[in-house]
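Just below is one structure, and these are the notes that go with it.
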There are 2 protein chains.
Amino acid sequence: MSHLGYPCFMAIDRDHVLRSAAALLTRKSTATMDEVAKAAGISRATLHRHFAGRDALVRALEQLGIAECEGALDRARPEEGSAAEAVRRLVREIQPAAGLLAFLYGENQLWEGDRQHEGWQRLDARIGALFQRGQRGGEFRIDLTPVWLTEALYGLIASCAWATLDGRVAARDFPTMIAELLLGGALRREEP
Amino acid sequence: MSHLGYPCFMAIDRDHVLRSAAALLTRKSTATMDEVAKAAGISRATLHRHFAGRDALVRALEQLGIAECEGALDRARPEEGSAAEAVRRLVREIQPAAGLLAFLYGENQLWEGDRQHEGWQRLDARIGALFQRGQRGGEFRIDLTPVWLTEALYGLIASCAWATLDGRVAARDFPTMIAELLLGGALRREEP
DNA sequence: CCCAGATGAGACATTGCTGTCTCATCTGGG
DNA sequence: CCCAGATGAGACAGCAATGTCTCATCTGGG
């Protein structure tokens, strides 16, 4: 045991378990603790040593999802350049976390409670601010509220993640499909 | 008992149970059979007399959702006028079923099986055909596939249904928010 | 080597939901 | 009135997943 009070490899182990769980739960959101353990290559006992219970596991996944989103948002530099380009960067950066987000998006348990994780509010605010910047700069239309645009972004990410799992959308098209639909819509642009 | 083999009021009763269940499960997808029964104002025993089990109930809801979608599609007259207007009509007609669709959309159980209800395929085909018509007519851009546009439509409907439940989007804005985002996107159009 | 700590396998009780059953009660048509 | 059929209330066992426990085993640092 290290001086930290836990073995130095536990951190990466925990991360590995979380990512396996995310990958599995994306495909089968009702997977058992036993299935999650098997997917991570550990026993159910060890899984319970890492996470007190299923609820704790989901909460940890929520935390991970929030962190991934914030990382993606940081890397996308939402204040920089045109808002449209910032949205494209954001979608591109967020793709690796799309499966996890799709799972969390469908986990009603996280939202029905009287109060949800503050991290989501912070994310909503940051993404909403990006859309607002686009509106103020005359780049985005103003008849769609930033709140709705943010919500729609989440919805499209989840849709595309599931469509990708089913093979209805190619993974390499993920960023384009979402960003182009969200930004430009289905209507053809008039040639200038 | 009527000559039909069941009381004449059972049909409407069954429909009432289904709609109550849809309304409840939209808010809490993990609701118990007991909660569903209470929400419909009947006992659990009677609920089991109508639907053999939870699975049968979900399947019946799926059937209802498909029927509502097909009805909305029929009323939207997807072959008539511009494709964009047809999409707007479709979204407007589908709004009453949005909550049910959002529930079904998150019910992975319906999709993970090796084969899903053929009704969805028929719906996908009809909606996809609408988008394809818009593309062929030069109205819609061709770099977003009809399959993805269909998927995105479902996703936006589910997103907006949940956002409406949470009060983040007004119910009266539902058709506009979805149709305008799907058709026009966030970017402002250049003035002609 | 020695041992603390981590792990895997499995036993175990508990819990919440399900599906089925019975029985008393209600209701509407004949 | 009479009765078939529907209903509500509740009992009951079954089941699947959870959470806790023990114990044998493995592993790495000192």
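Because the structure is a prediction, the values reported are computed rather than measured. Convention: sequence-line order gives letters A, B, ...; per-chain numbering from 1.
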Just the rounded figure in Å: distance from [atom2] of [N] to [atom1] of [X].
{"X": "Met33(A)", "N": "dT14(C)", "atom1": "CE", "atom2": "P", "result": "20 Å"}
{"X": "Phe51(B)", "N": "dT20(C)", "atom1": "CZ", "atom2": "C1'", "result": "18 Å"}
{"X": "Arg49(B)", "N": "dA9(D)", "atom1": "CZ", "atom2": "C1'", "result": "10 Å"}
{"X": "Lys38(A)", "N": "dT7(C)", "atom1": "NZ", "atom2": "P", "result": "16 Å"}
{"X": "Leu47(A)", "N": "dG10(C)", "atom1": "CG", "atom2": "C1'", "result": "16 Å"}
{"X": "His48(B)", "N": "dC21(C)", "atom1": "NE2", "atom2": "C1'", "result": "12 Å"}
{"X": "Ile42(B)", "N": "dA9(D)", "atom1": "CD1", "atom2": "P", "result": "11 Å"}
{"X": "Gln109(B)", "N": "dT18(C)", "atom1": "CD", "atom2": "P", "result": "12 Å"}

Heavy-atom pair with the smallest gap, counting every atom of Glu68(A) and Arg19(A): OE2-NH2, 2.9 Å
Short side-chain N/O contact to dA9(D) OP1/OP2 from Ser43(B), under 4.0 Å: no
side-chain N/O Thr32(A) vs dA17(D) OP1/OP2, d < 4.0 Å: yes
Nearest-neighbour nucleotide for the Asp13(A) side chain, dT7(D), dT7(C), dG19(C) considered: dT7(C)
Candidates dT7(D), dC21(D), dG19(D) - which lies nearest the side chain of Arg54(A): dG19(D)
Partner lookup for [N], please. Criteria are Watson-Crick or G-U wobble with both distances under 3.5 angstrom; report none if nothing qualifies.
{"N": "dA13(D)", "value": "dT18(C)"}
{"N": "dA24(C)", "value": "dT7(D)"}
{"N": "dG29(C)", "value": "dC2(D)"}

Any side-chain donor near an acceptor of the partner, Glu62(A) and Trp120(A), under 3.5 Å: yes
Sugar-phosphate, base or nothing in reach of Arg44(B), heavy atoms under 4.0 Å: base
From Leu182(A), Thr145(A), Leu144(A), residue fulfilling side chain to side chain contact (heavy atoms under 4.5 Å, CB included) relative to Phe131(A): Leu182(A)
Earlier contact from the 5' end, DNA chain D, for Ala31(A) and Gly41(B): Gly41(B)
Shared hydrophobic cluster for Leu18(A) and Leu24(A) (ILVMFWY, side-chain gaps under 4.5 Å): yes
Parallel, tilted or perpendicular, as decided by the 30° and 60° cut-offs, for the rings of Tyr105(A) and Trp162(B): perpendicular
